[in-house]
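Because only heavy atoms are used, hydrogens play no part in the values below, and waters and symmetry mates are left out as well, while side chains stay in. Numbering of residues begins at 1 and proceeds along the displayed sequence.
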Amino acid sequence: MPKTMTLSQVMKQLEEQGDEKVRQRYVRDGAGDNVFGVLLGKIRGLAEALGTNHGLGLELWATGNHEARILACMLIDPAALTEKEARALLEPLSNPTLVDELVGRVLVHAPIAEALQVRWMDGGKELPRRAGWRLLAGRIARGVAKDLDVRATLARIERELPPAPYRVKEGINFCLVWIGLHLPEYTADAIAIGERLGRWDPRPIPKGCTSSYAPEWIAAALALRRGEKTAARKAMETASKTKAKAAPVKKKSAGKRPSAPKGAR
């Protein structure tokens with residue numbers, strides 16, 4: 001049975017679950033100043049307790065608070081949104097994380113998804129363009145982009161990615177990868193286009209993450225499906241183990257009895 005809470009009760013709970021270090025990280029990542037610093041796992045737990053609640057979701061979104069909007073994406077009913085309402089939610093956004101959450105959790109499941117996708121992909125605004133490409137990727141993954149001219153879309157990807165702003169590049173690249181993963185007959189084409197586009201993302205790959213370079217991303221995801229590990233993943237794990245073995249062992253103080261491991265009974 002879903003839990004009933006008012007907007008003020010939800011906001012109070014989010015604020016109480018905030019952590020200052022997490023908040024500072026979110027701010028650095030572009031979440032703005034209206035942020036508590038709540039970990040995503042805690043937001044998911046609250047969403048599970050509340051269940052779908054379209055009205056509360058819209059109220060949470062209207063607060064402008066980062067975590068409230070992430071939670072709203074988990075409560076809003078996609079079928080209840082009109083195209084005008086969806087545009088009002090997404091188009092003013094300046095944070096790509098919120099764009100991706102709104103697209104992936106809500107808009108891709110909405111009956112108006114295709115109309116939004118076409119409008120935004122053909123528009124001139126940066127984050128809506130990103131949203132349009134990610135909407136197309138999501139529709140491909142769901143198997144609902146039945147009338148898509150895939151070859152024309154791949155040609156458009158190869159043409160539009162190089163000059164696009166960085167955050168649009170990410171959306172276009174995401175769509176290229178999703179074509180390679182969800183349309184097996186075009187996997188080789190997607191990889192070939194990724195190779196021709198090259199490594200456009202100059203950022204270092206965070207530890208434990210997959211490369212954004214489309215050929216490597218596709219290969220890693222396909223290997224994961226087969227229960228395999230890519231050569232890059234094996235090399236990373238080997239290097240990690242070697243580093244751990246080489247690290248000096250800290251001596252325990254003789255004057256203190258070792259405490260039980262966390263969670264031990």
Side-chain angles (χ1 to χ4, degrees), residues 5-50 53-76 81 85-108 116 120 123-135 137-138 164-174 177 199-213 217:
M5 294 178 70
T6 64
L7 173 64
S8 59
Q9 288 172 330
V10 174
M11 293 301 293
K12 182 179 179 182
Q13 185 162 332
L14 286 172
E15 186 172 9
E16 289 173 348
Q17 292 179 336
D19 178 271
E20 180 58 25
K21 288 184 178 179
V22 176
R23 192 193 75 81
Q24 290 175 10
R25 188 175 82 233
Y26 287 173
V27 171
R28 286 196 302 270
D29 291 343
D33 296 325
N34 191 352
V35 56
F36 295 137
V38 186
L39 292 171
L40 185 59
K42 292 183 178 180
I43 299 175
R44 285 199 194 103
L46 183 53
E48 289 174 6
L50 292 169
N53 189 327
H54 190 71
L56 179 58
L58 293 178
E59 287 182 323
L60 286 163
W61 189 271
T63 67
N65 175 267
H66 179 71
E67 288 87 355
R69 286 184 162 182
I70 295 290
L71 178 58
C73 293
M74 302 176 188
L75 305 185
I76 290 173
L81 281 176
E85 288 170 335
R87 290 181 58 200
L89 294 178
L90 187 134
E91 290 179 2
L93 292 177
S94 59
N95 181 357
T97 299
L98 276 176
V99 169
D100 296 347
E101 287 287 325
L102 185 59
V103 168
R105 294 184 183 274
V106 181
L107 301 183
V108 76
L116 291 171
W120 287 335
K125 293 185 177 179
E126 187 173 330
L127 287 182
R129 279 182 67 195
R130 175 192 181 98
W133 282 101
R134 290 186 71 100
L135 264 175
Y166 181 81
R167 292 187 292 187
V168 179
K169 274 185 170 73
E170 288 185 311
I172 297 174
N173 187 67
F174 185 81
V177 171
R199 297 180 182 274
W200 53 268
D201 189 345
R203 299 174 305 174
I205 303 168
K207 185 178 179 181
C209 293
T210 303
S211 168
S212 61
Y213 179 49
W217 190 348

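- Once rounded to the nearest 0.5 Å, the distance linking CZ of Arg69 with CD1 of Ile76 reads 10.0 Å.
- In this structure, CG in Leu71 is found 14.5 Å from NZ in Lys42, a value given to the nearest 0.5 Å.
- Phe174 places none of its side-chain heavy atoms less than 4.5 Å from the side chain of Asp100.
- By the 4.5 Å heavy-atom criterion applied to side chains, Leu58 and Leu75 are not counted as neighbours.
- Taking every heavy atom of both residues into account, Val27 and Val35 meet most closely at CG2-CG1, 3.6 Å.
- Nearest heavy atoms, Arg199 versus Ser211: NH1-OG, 4.0 Å.
- The residue from Glu15, Glu16, Glu67, Gln13 that alone fulfils the side-chain contact (heavy atoms from CB on, under 4.5 Å) condition with Val38 is Glu67.
- Residues Val10 and Leu60 form a side-chain contact, since some pair of their non-hydrogen atoms from C-beta on lies under 4.5 Å apart.
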Next item on the list: Show your working on side-chain contact (heavy atoms from CB on, under 4.5 Å) between Leu90 and Val103 and close with a plain yes or no.
Entry: CA-CA 9 Å; Leu90 187 134; Val103 168; 3.9 Å; yes
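- Here the CG-CD distance, from Asn53 to Glu59, works out to 8.0 Å after rounding to the nearest 0.5 Å.
- Closest of all the heavy-atom pairs between Asn34 and Thr63 is ND2-O, 3.3 Å.
- In this structure, Leu102 and Leu89 approach most closely via the heavy-atom pair CD2-CB, 3.9 Å.
- Closest approach of Ala164 to Arg129, counting heavy atoms only: CB-NH2, 4.2 Å.
- Atoms CD1 and CZ, on Ile70 and Arg44 in that order, are 10.0 Å from each other to the nearest 0.5 Å.
- With hydrogens and angles disregarded, no donor-acceptor distance shorter than 3.5 Å links the side chain of Asp201 to the backbone of Tyr213.
- Expressed to the nearest 0.5 Å, how far CG of Asn95 lies from CG of Asp29 amounts to 8.5 Å.
- Residues His54 and Leu81 have side chains in contact (heavy-atom distance under 4.5 Å, counting atoms from C-beta outward).
- Looking at heavy atoms from C-beta onward, Leu46 lies in side-chain contact with Met5 at the 4.5 angstrom threshold.
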Note to self: Before you tell me yes or no, could you show the steps for Leu39 and Asp19 under side-chain contact (heavy atoms from CB on, under 4.5 Å), namely the whole-Å CA-CA distance, both residues' side-chain angles and the distance that decides it to 0.1 Å?
What the structure shows: CA-CA 8 Å; Leu39 292 171; Asp19 178 271; over 6 Å; no
Checklist line | Worked check of salt bridge (charged side-chain N to carboxylate O under 4.0 Å, His left out) between Arg23 and Glu20 | finding: CA-CA 5 Å; Arg23 192 193 75 81; Glu20 180 58 25; 3.2 Å; yes
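- In terms of the side-chain contact (heavy atoms from CB on, under 4.5 Å) criterion, residue partners of Glu170 (sequence neighbours excluded) are, by chain and number, Arg130, Tyr166, Arg167, Trp200, Arg203.
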Next item on the list: Could you give me the CA-CA distance, side-chain angles and deciding distance for Leu50 and Leu56, then say whether side-chain contact (heavy atoms from CB on, under 4.5 Å) is met?
Entry: CA-CA 10 Å; Leu50 292 169; Leu56 179 58; 4.3 Å; yes
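- Counting only residues at least two apart or on different chains, the ring pair (Phe, Tyr, Trp, His ring centres under 6.0 Å) pairs with a member in residues 26-46 are Tyr26-His66.
- For the residue pair Ala86 and Leu116, the shortest heavy atom distance occurs at CB-CD1, 3.7 Å.
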